[in-house]
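Heavy-atom basis, side chains included; hydrogens, waters and symmetry copies ignored.
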Amino acid sequence: MFEKPAFTISTNDRFGGHLWISKVIATIGLLLIILLTIKSDNARYVSVTVSGYIAAGYSFTLSMSFAKPAATFARIFTDT
């Protein structure tokens, strides 16, 4: 699009320890939200708590909490 090649490999380094740590923390946080909601006998609210967690990640993190692994993987093919 706009005179760019169809396939390119990103020149941005996206493999750093800080990225792995942030993904691990985000995953653990999401799992804790789910497990604690179920444990408190409020399993019907799991969808609400997960949505809230993801919305908070979008709102308060620079990476917008890449919740979709496909979007994270697709970043390999772009410098943006």
Side-chain angles (χ1 to χ4, degrees):
M1 183 165 197
F2 305 115
E3 299 178 7
K4 295 203 180 261
F7 295 99
T8 60
I9 298 296
S10 174
T11 57
N12 294 333
D13 184 19
R14 301 197 196 278
F15 297 103
H18 62 288
L19 296 174
W20 285 101
I21 290 171
S22 67
K23 291 297 175 187
V24 168
I25 291 171
T27 302
I28 290 171
L30 184 58
L31 289 173
L32 281 174
I33 289 290
I34 293 168
L35 294 174
L36 291 173
T37 303
I38 291 171
K39 187 176 179 180
S40 67
D41 292 328
N42 289 320
R44 65 180 179 251
Y45 295 118
V46 169
S47 61
V48 174
T49 57
V50 168
S51 300
Y53 185 84
I54 297 299
Y58 272 45
S59 301
F60 300 110
T61 62
L62 293 175
S63 69
M64 294 185 352
S65 179
F66 288 116
K68 295 181 181 179
T72 304
F73 179 74
R75 288 185 56 154
I76 294 170
F77 302 106
T78 181
D79 280 331
T80 59

Handout entry: From Leu30 atom CG to Thr49 atom OG1, the distance as rounded to the nearest 0.5 Å
Key =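 Spacing of CG (Leu30) from OG1 (Thr49) equals 8.5 Å.
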
Handout entry: Residue pair Ile33 / Val50: nearest heavy atoms and the distance that separates them
Key =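 Between these two residues, the closest heavy atoms are CG2-N, 4.3 Å.
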
Handout entry: Common cluster, Ile54/Leu35, ILVMFWY with side-chain heavy-atom separation under 4.5 Å
Key = no

Problem - Cluster overlap Tyr53 with Leu32, hydrophobic side-chain contacts below 4.5 Å - result: no

